[in-house]
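Hydrogens, waters and symmetry mates play no part in the numbers below; they use all other heavy atoms, side chains included. Along the sequence shown, residues carry numbers from 1.
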Amino acid sequence: AQSEVSKTVNYIAGQMNNEYGRSYSNEFISSVLVAQAQSLMSICTGAPGLGKTSFVRLLKRILKMDNRFIEVPVGRSWVSEREFIGFFNSLSNTFSPSSSGAYQFLKGISEDMPETAPLSLMLLDEANLSAIEHYGAFLINISDDEAEKKLRLAKEEIHIPESFRIVATINHDLTTEALSPRLIDRAPVIPFDSFVDDNVNYIEDGSDYTNLSFRSFSSLFGRNAFLRQQLSIDNLSLPQTLQSVVDLLADRDVKKGPPIILSRRKMTNMIDYVYVLTSVLKVTAQLTDISALDKAIDFAVLYFVLPSVQGAGPGTKNRLETLRDMIASQNLELSLAKLSDILIRGEQNLETYNFFHY
């Protein structure tokens, strides 16, 4: 499994660099693959031009996912499932699919068997031009582990296979909709502006990539990944550093403004994410257990914790400055850069602090 993991990550980083001139480190590629393996939906965010959409398109090309990939450009006027999936036409007594192609795609993969199916990917491009809650309500519902993975339409049910994943790319400006706490609770958010100067560090091993089944993708990067079981550190509770971050955000001290409480779901997701990523970084970035864990915590704070940051006024500023000092003392470089940015932009925005400010 070690060689499979490093081969996959090296191959993707190498292809991105050699074929497409995109520089992404093994660490970044690993962090994204683990996020995708463990969450039905992941969100790529950042200003236009940072390569969010092309990153997903390249991943599709490199992973040879041609007939298991669909790109859906979201429209500004989408208010319901009707524009995204289609609607039942009672006059003709038939279902009229929308022009997005999503209905045909989901129907096509609905028969996929988990043992043999490849990964299927839907790219929702500019996903927040309309509120995802409205047109994609069922996607948020099936993001829960315990939810039935079905899309119910007037006269049929489409089974959504385990192997299906969604990547939503979003921008933030006056033309877009804010993401709801419900969505942020269920999806890791990958800020592409944090990786503009990412340094390539893959190892040339010349091996070609063979199509991964979803099952093997899961065994390499999913919640119960094979390598996680070989870690020498306790991997069933949040690492202390991460727990301190969560506790500081939840602290009810009135001098720190309203608390920012992370849900139990998000905590569980972070535990799985951190330890699987630790085990993957050990082999792909050739790190020791402890330095791999520190790196994984940095990615977890950036993708899972900071997107929930929202608040206004001197109390919130005080809380975030305390958090910044804590993160700085733990050398979480990516999270520190992002949080410092949130603080600077917040001061320019009448002391309104938000991960998604542009």
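Side-chain N/O atoms of Tyr303 and Ser31 include a donor and acceptor closer than 3.5 Å. In this model, no donor atom of one side chain and acceptor atom of the other lie less than 3.5 Å apart for Ser23 and Asn17. With 3.5 Å as the limit, one finds a donor-acceptor pair spanning the side chains of Glu126 and Asn171. Asp125 and Thr53 form a side-chain donor-acceptor contact under 3.5 Å, judged by distance and modelled atom types alone. Counted by atom type alone, Ser39 and Ser42 present zero donor-acceptor pairs between their side chains at under 3.5 Å. A donor-acceptor contact closer than 3.5 angstrom links the side chains of Asp234 and Ser237. No side-chain N or O of Ser25 forms a donor-acceptor pair with one of Asn199 less than 3.5 Å apart.
Looking at heavy atoms from C-beta onward, Ser130 lies out of side-chain contact with Val79 at the 4.5 angstrom threshold. Side-chain contact between Leu227 and Val276: absent, with no pair of heavy atoms (C-beta onward) separated by less than 4.5 Å. Annotation: side chain of Ser98 is not in contact with side chain of Glu83 (no heavy-atom distance under 4.5 Å). With a 4.5 Å cut-off on side-chain heavy atoms, Leu332 and Leu336 do not count as touching. Residues Arg215 and Ser219 have side chains not in contact (no heavy-atom distance under 4.5 Å, counting atoms from C-beta outward). With a 4.5 Å cut-off on side-chain heavy atoms, Val274 and Phe299 do not count as touching. Contact annotation: the side chain of Lys52 never approaches that of Val167 to less than 4.5 Å [non-hydrogen atoms, C-beta and beyond]. Residues Leu63 and Ile12 form a side-chain contact, since some pair of their non-hydrogen atoms from C-beta on lies under 4.5 Å apart.
In Arg152, the CZ atom is crowded: over 12 heavy atoms of neighbouring residues, nucleotides or ligands sit closer than 6.0 Å. When the shell of 6.0 Å around CZ of Phe226 is examined, it contains 12 or fewer heavy atoms from other residues, nucleotides or ligands.
Cluster membership for Ile261 and Val245, using ILVMFWY side-chain heavy atoms within less than 4.5 angstrom, is not shared. Hydrophobic clustering keeps Leu302 apart from Ile344 (ILVMFWY residues linked when any side-chain heavy atoms are closer than 4.5 Å, directly or through intermediates). Hydrophobic clustering, with ILVMFWY side chains joined whenever heavy atoms are under 4.5 angstrom apart, groups Ile43 together with Val196. No continuous path of hydrophobic side-chain contacts links Ile160 to Met113 [ILVMFWY only; heavy atoms under 4.5 Å].
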query: When you look at Asn10 and Asn26, which way does the side-chain hydrogen bond (donor to acceptor under 3.5 Å, both in side chains) test go after all the steps?
result: CA-CA 7 Å; Asn10 267 319; Asn26 275 3; 3.2 Å; yes

field: Derivation of the salt bridge (Lys or Arg N to Asp or Glu O under 4.0 Å) call for Asp193 and Lys338
entry: CA-CA 9 Å; Asp193 46 355; Lys338 187 69 186 170; 3.2 Å; yes

task: Please report the C-alpha distance between Asn141 and Arg186 in whole Å, then the side-chain angles of each, then the deciding distance to 0.1 Å, and finally whether the side-chain hydrogen bond (donor to acceptor under 3.5 Å, both in side chains) criterion is met.
output: CA-CA 10 Å; Asn141 294 339; Arg186 287 165 171 75; over 6 Å; no

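Of all the heavy atoms in Glu351 and Pro314, the pair that sits closest is OE1-N, 3.1 Å. Residues Leu129 and Glu177 come closest through the heavy atom pair O-CG, 4.1 Å. Taking every heavy atom of both residues into account, Val283 and Ser6 meet most closely at O-CB, 4.1 Å. Between Gln38 and Asn269, the shortest heavy-atom contact is OE1-O, 4.2 Å. Between Arg165 and Ala37, the shortest heavy-atom distance links the atoms NH2-O, 2.9 Å. Smallest separation of non-hydrogen atoms from Ile342 and Tyr353: O-CD2, 3.7 Å.
Residues forming a side chain to side chain donor-acceptor pair (under 3.5 Å) with Ser163 (at least two apart in sequence, or on another chain): none. Under the salt bridge (charged side-chain N to carboxylate O under 4.0 Å, His left out) criterion, Arg264 pairs with no residue, sequence neighbours left out. When the side-chain contact (heavy atoms from CB on, under 4.5 Å) test is applied to Ser3, no partner is found at least two apart in sequence or on another chain. Checked against salt bridge (charged side-chain N to carboxylate O under 4.0 Å, His left out), Glu133 has no partners two or more places apart in sequence or in another chain. Listed by chain and residue number, Arg57 satisfy the side chain to side chain donor-acceptor pair (under 3.5 Å) test with Glu71 (two or more places apart in sequence, or in another chain). Legend: residues meeting side chain to side chain donor-acceptor pair (under 3.5 Å) with Thr116, ordered by chain and number and at least two apart, are absent. Checked against salt bridge (charged side-chain N to carboxylate O under 4.0 Å, His left out), Asp198 has no partners two or more places apart in sequence or in another chain. Residues passing the side chain to side chain donor-acceptor pair (under 3.5 Å) test with Arg76, sequence neighbours excluded: none. In this structure, the salt bridge (charged side-chain N to carboxylate O under 4.0 Å, His left out) partners of Asp251, at least two apart in sequence or on a different chain, are Lys256.
By the 30° and 60° cut-offs, the orientation of the rings of Phe28 relative to Phe195 is tilted.
Under 4.0 Å is where a charged nitrogen must lie from a carboxylate oxygen, and between Asp112 and Arg68 at least one such pair does. By the 4.0 Å N-to-carboxylate-O rule, Asp253 lies too far from Arg319 to be salt-bridged with it. A salt bridge links Lys107 with Glu156: the closest approach of a Lys/Arg side-chain nitrogen to an acidic carboxylate oxygen falls below 4.0 angstrom. Comment: Arg265 does not engage Asp145 in a salt bridge, judged by the lack of any side-chain N to carboxylate O separation of less than 4.0 angstrom.
Sorted by first and then second residue, the pairs that involve residues 273-283 and meet side chain to side chain donor-acceptor pair (under 3.5 Å), not counting sequence neighbours, are Lys282-Asp289. Applying the ring pair (Phe, Tyr, Trp, His ring centres under 6.0 Å) test to pairs two or more places apart or on separate chains, none has a residue in residues 305-341.
Phe87 has its ring centre no less than 6.0 Å from the ring centre of Tyr103. When ring centroids are compared, Phe88 and Phe95 stay outside the 6.0 Å threshold. For Phe55 and Phe192, the distance between ring centers is under 6.0 angstrom.
Note that the CD1 atom of Ile327 and the OG1 atom of Thr241 stand 10.5 Å from one another [nearest 0.5 Å].
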I'd like a table of donor-acceptor pairs (distance under 3.5 Å, sequence neighbours excluded) in which one partner is a side-chain atom from residues 304-313, with atom names and distances.
| unit_1 | atom_1 | unit_2 | atom_2 | d |
| --- | --- | --- | --- | --- |
| Ser308 | OG | Lys266 | NZ | 3.3 |

